[in-house]
There are 2 protein chains.
Amino acid sequence: MRKQHTEPFLYMQIAARIEKQITDEVLRAGDKLPSVRMLCRELGHNMSTVTQAYYELESRSLIETRPRSGYYVCLPPKKRMDVPNTSKPASIQKPRHQDDLITRVHKDSTDPGITLLSLGVPDVSLLPIAKLNKALIHATRSLPGSGTAYDQVQGNEKLRREIAKWSFSWGASFNEDDLITTSGCMNAVSYCLQALTKPGDTIAIESPAYFGILQLTKSLGLNVLELPTNPITGIEIDTLKKALSSNNISACILVSNFNNPCGSSMPDEHKKEVVKLLQHFNVPLIEDDIYGDLYFGNNRPSTCKTYDESGLVLYCNSISKTLAPGYRVGWVAPGIFKEQVIRLKLNHSISSTTITSEVVADFLKNGRYENHLRKMRQTLYNNSMKYISAIASHFPEGTRVSQPLGGYFLWIELDGKINTLELYERAIKHKISIAPGKMFTLQDQFDNCLRLSFGLQWTDEIEKKIKILGTLIKAMI
Amino acid sequence: MRKQHTEPFLYMQIAARIEKQITDEVLRAGDKLPSVRMLCRELGHNMSTVTQAYYELESRSLIETRPRSGYYVCLPPKKRMDVPNTSKPASIQKPRHQDDLITRVHKDSTDPGITLLSLGVPDVSLLPIAKLNKALIHATRSLPGSGTAYDQVQGNEKLRREIAKWSFSWGASFNEDDLITTSGCMNAVSYCLQALTKPGDTIAIESPAYFGILQLTKSLGLNVLELPTNPITGIEIDTLKKALSSNNISACILVSNFNNPCGSSMPDEHKKEVVKLLQHFNVPLIEDDIYGDLYFGNNRPSTCKTYDESGLVLYCNSISKTLAPGYRVGWVAPGIFKEQVIRLKLNHSISSTTITSEVVADFLKNGRYENHLRKMRQTLYNNSMKYISAIASHFPEGTRVSQPLGGYFLWIELDGKINTLELYERAIKHKISIAPGKMFTLQDQFDNCLRLSFGLQWTDEIEKKIKILGTLIKAMI
């Protein structure tokens, strides 16, 4: 329609000018545009003209609206990279644990001068420190004995009640009695695995998988069946079905939302289907939803637990990625395995830290957690765009990158000739810490992959580091 | 010599008057006597006369001095009861776990009206709450990110350094790198057991033993060999030696000081001998020293770790019985098993709570912990005398009671006809919670035994409850 006019409409002129700024990289992916009101004032045009300009840009995927925040520049098409392929792990083979590599990465990460792109740690600037400290002082006043006393074995009752209320948003119908607090999410996963398995058992998991879980399986003497996983939709259901029919699987572990490391999020239909499938085979599912609250879209995604009617889903979460890793506050809704998990908690650690549980309960109760998360999601989303954009600019052509809809991580597939262990060694000399793909599997795969965290606040310094990484990679081809 | 005089010396008159007050129970076990100076003023006598009166009473074990505190009334001879006999557990038999009983006792203990004589929990009035809160606020200021960040996997470095310095008093020569922090002492024991054993292995332990450790062994699929234990000197070394020669023991667990529940403390010679024996058989020892700092005498007792040259002793401790159970701060010096224990901690819970570790480090560093302990030891010792004295008054004749030199617990052996499970049911109706002997074994023994904690501050109310217990017991004979 527009092409019929020789003189472009005013709104199109405005749109074209903004588009040029984007093309020229004056405006970059993740940058916020002026509000409609402000642009009207600046340009002296009326609201409807400016609004129409923004609609035009939005319809061409150059910018996007974010509710209660405004208009932002999208990733330009030339920077949109392919996502990595669905993984193809072999069936069970002799596992090759990467303990030394993982210890190395952890150790290097404590070097004070390091740029930490390897680990999923929230930047301290993202955390509501002053408010947490206030809540801490409040907790010393409200708790009997100022929090010196043992907590209930099952965990702080107020915290469990608030988590139950909070979880309603994604379709859970917990009550406080369904929940047990733990010392972070991995501690929850550990108790679940101990409740469900004995040494020699086999568990099924996505591939790639979080290295912490792989190490835990070794610690518990378990065999691991890594299953093909799509970087967008998560575990391949057909293969899971085959595995359940032909193997003796004791439990399945999934990071269903914003998977660590590959960024996949299972669509609702997949979640439903997996729950049905596991119920059919009577195999419990440990669902690690630690990134679920860090969604970039408008709504909190559902979980497998949402569709669990049999109580076979053991749902684990924590505030370690969103609020305060050092507080060690996590929880599990273990369904029909509740008594076993409570007993394991009692046996292995008696109770949780009283005072930090109370602080988190307060944060949830007063809406401070939701307020904080709203900002944190925006920042992480922006970070993700900045990181992807920089990778597109500086990494060699053919690089594949995941497109996570939330969470902390980018999963990157480089040219097949690149070994990311070698890249690690070269990067660490430049004080850059990355997570080589090998950390996320017990098999011979992902040699040319790496995980980058975008938890660190975006700065010119980070851009420099990503540019260095790109240069190192190019030199290795 | 004294009998040669027809007129008793003045000091003897004073001593006789005090003795009468003790006999008449005007002064009772644990009561503090006036200072020498004060008594001089009151009676108008000179210092040496009063001092000699006190010496006289002390030489007859009627009173005792406590350094930096003064003179106290001892337990009168008529109230000194026999200690329970050395236990005689059978060799390995089908274990009978008392999970339901233990859960029941834990559950009943949360009833707000209960008098908690069952569990080893410090009375909140014994804890330095205000100083802890001050240290907590200080920690939010001194820690990066106010303690929201992950701690090092091995644990807060300052805390480890302070523990290393602190442990010097009982002959340990740790440095900070030898220690790993944990979420309380049981969490430390859990990691040690996981590092040393696999399901199906057998461990050797004192009998009776802390129920938490027995439950942990079940959780880890271990067999338990309960060994004869003397309520004064601890595990019987000859039987331990036989067990080590003829059984395949993977590890030994001992509570070497102020044992829970039986109150035994291994003499130095026994500690040395056990360490030598275990070294000979190359069997590691998990030493749980959680009560070691709560000694009633003048000096901190040594530990088995003191005599460990091979690194086979894994030493566990915490501040849960002395400072703040709800802080969940414990530690382990795992000797040659350090790497395994760090890995287990990383795998199962990643790190400890940052802020409570820092508070405990501060308390140690500034000498506040030692100051606090000095008072707490006095109070617990006094409590123990009051409790024993009341038991002597109210329980039936023939009752045997342990004579702990520290810690929290009395181990009581009643008439063989009494079943303490039945006593539990009757006592709980009077809102008194006791720990039946059955909780402390997997075998058929200790039916007529119970453990009482003297952690609750002594009051007339407690005396009433002990009187009720005595009446219930008498009615059951």
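Below, chains carry the letters A, B, ... as their sequence lines are ordered, and counting in each starts from 1.
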Subject >> Residue, of A/L323, A/L216, A/T217, that accumulates the most heavy atom pairs under 4.5 Å with chain B >> reply: A/L216

**OP:** Under the salt bridge (Lys or Arg N to Asp or Glu O under 4.0 Å) rule, collect the residues that match up with A/D288, sequence neighbours excluded.
**Re:** none

Original post:
So which of A/T110, A/T356, A/I102, A/I350 has the largest heavy-atom pair count under 4.5 angstrom toward chain B?
Top reply: A/I350

Original post:
Can you check whether B/S352 reaches A/R328 side chain to side chain, under 4.5 Å on heavy atoms?
Top reply: no

Original post:
About how many Å separate NE2 of B/H348 and NE2 of A/H348, when rounded to the nearest 0.5 Å?
Top reply: 8.0 Å

Subject >> Winner by heavy-atom pair count (cut-off under 4.5 Å) against chain B, out of A/A324, A/G330, A/S357 >> reply: A/A324

Subject >> Under 4.5 Å from a heavy atom of chain A, the part of B/Q194 involved >> reply: side chain

**OP:** Let me know if A/L220 has heavy atoms under 4.5 Å from chain B in its side chain, its backbone, both or neither.
**Re:** side chain

Subject >> Interface residues of residues 126-138 of chain A facing chain B - non-hydrogen atoms under 4.5 Å apart >> reply: A/L127, A/I129, A/L132, A/N133, A/L136, A/I137

**OP:** Under 4.5 Å, heavy atom to heavy atom: which of residues 141-161 of chain A reach chain B? Give them by number, or say none.
**Re:** A/G145, A/S146, A/G147, A/T148, A/A149, A/Y150

Subject >> Side chains of B/L346 and A/H106 in contact at under 4.5 Å (non-hydrogen atoms) >> reply: yes

**OP:** Measure the spacing between OH of A/Y327 and OG1 of B/T354 and express it to the nearest 0.5 Å.
**Re:** 9.5 Å

Original post:
Do you know which of A/L344, A/I355, A/D99 has the most heavy-atom pairs with chain B at a distance under 4.5 angstrom?
Top reply: A/D99

Subject >> Close contacts, residues 176-189 of chain B versus chain A, judged by heavy atoms under 4.5 Å >> reply: B/S183, B/M186, B/N187

**OP:** Kindly compute the distance separating CZ (A/R343) from OG (B/S219), expressed to the nearest 0.5 Å.
**Re:** 9.5 Å

Original post:
Between atom CG of A/N347 and atom CD of B/Q215, what is the distance when rounded to the nearest 0.5 Å?
Top reply: 5.0 Å

Subject >> Atom pair OG1/CD of A/T103 and B/E339 - distance to nearest 0.5 Å >> reply: 8.0 Å

**OP:** Heavy atoms only, distances under 4.5 angstrom: which of A/I213, A/V329, A/V124, A/T140 has the most pairs with chain B? Name it, please.
**Re:** A/T140

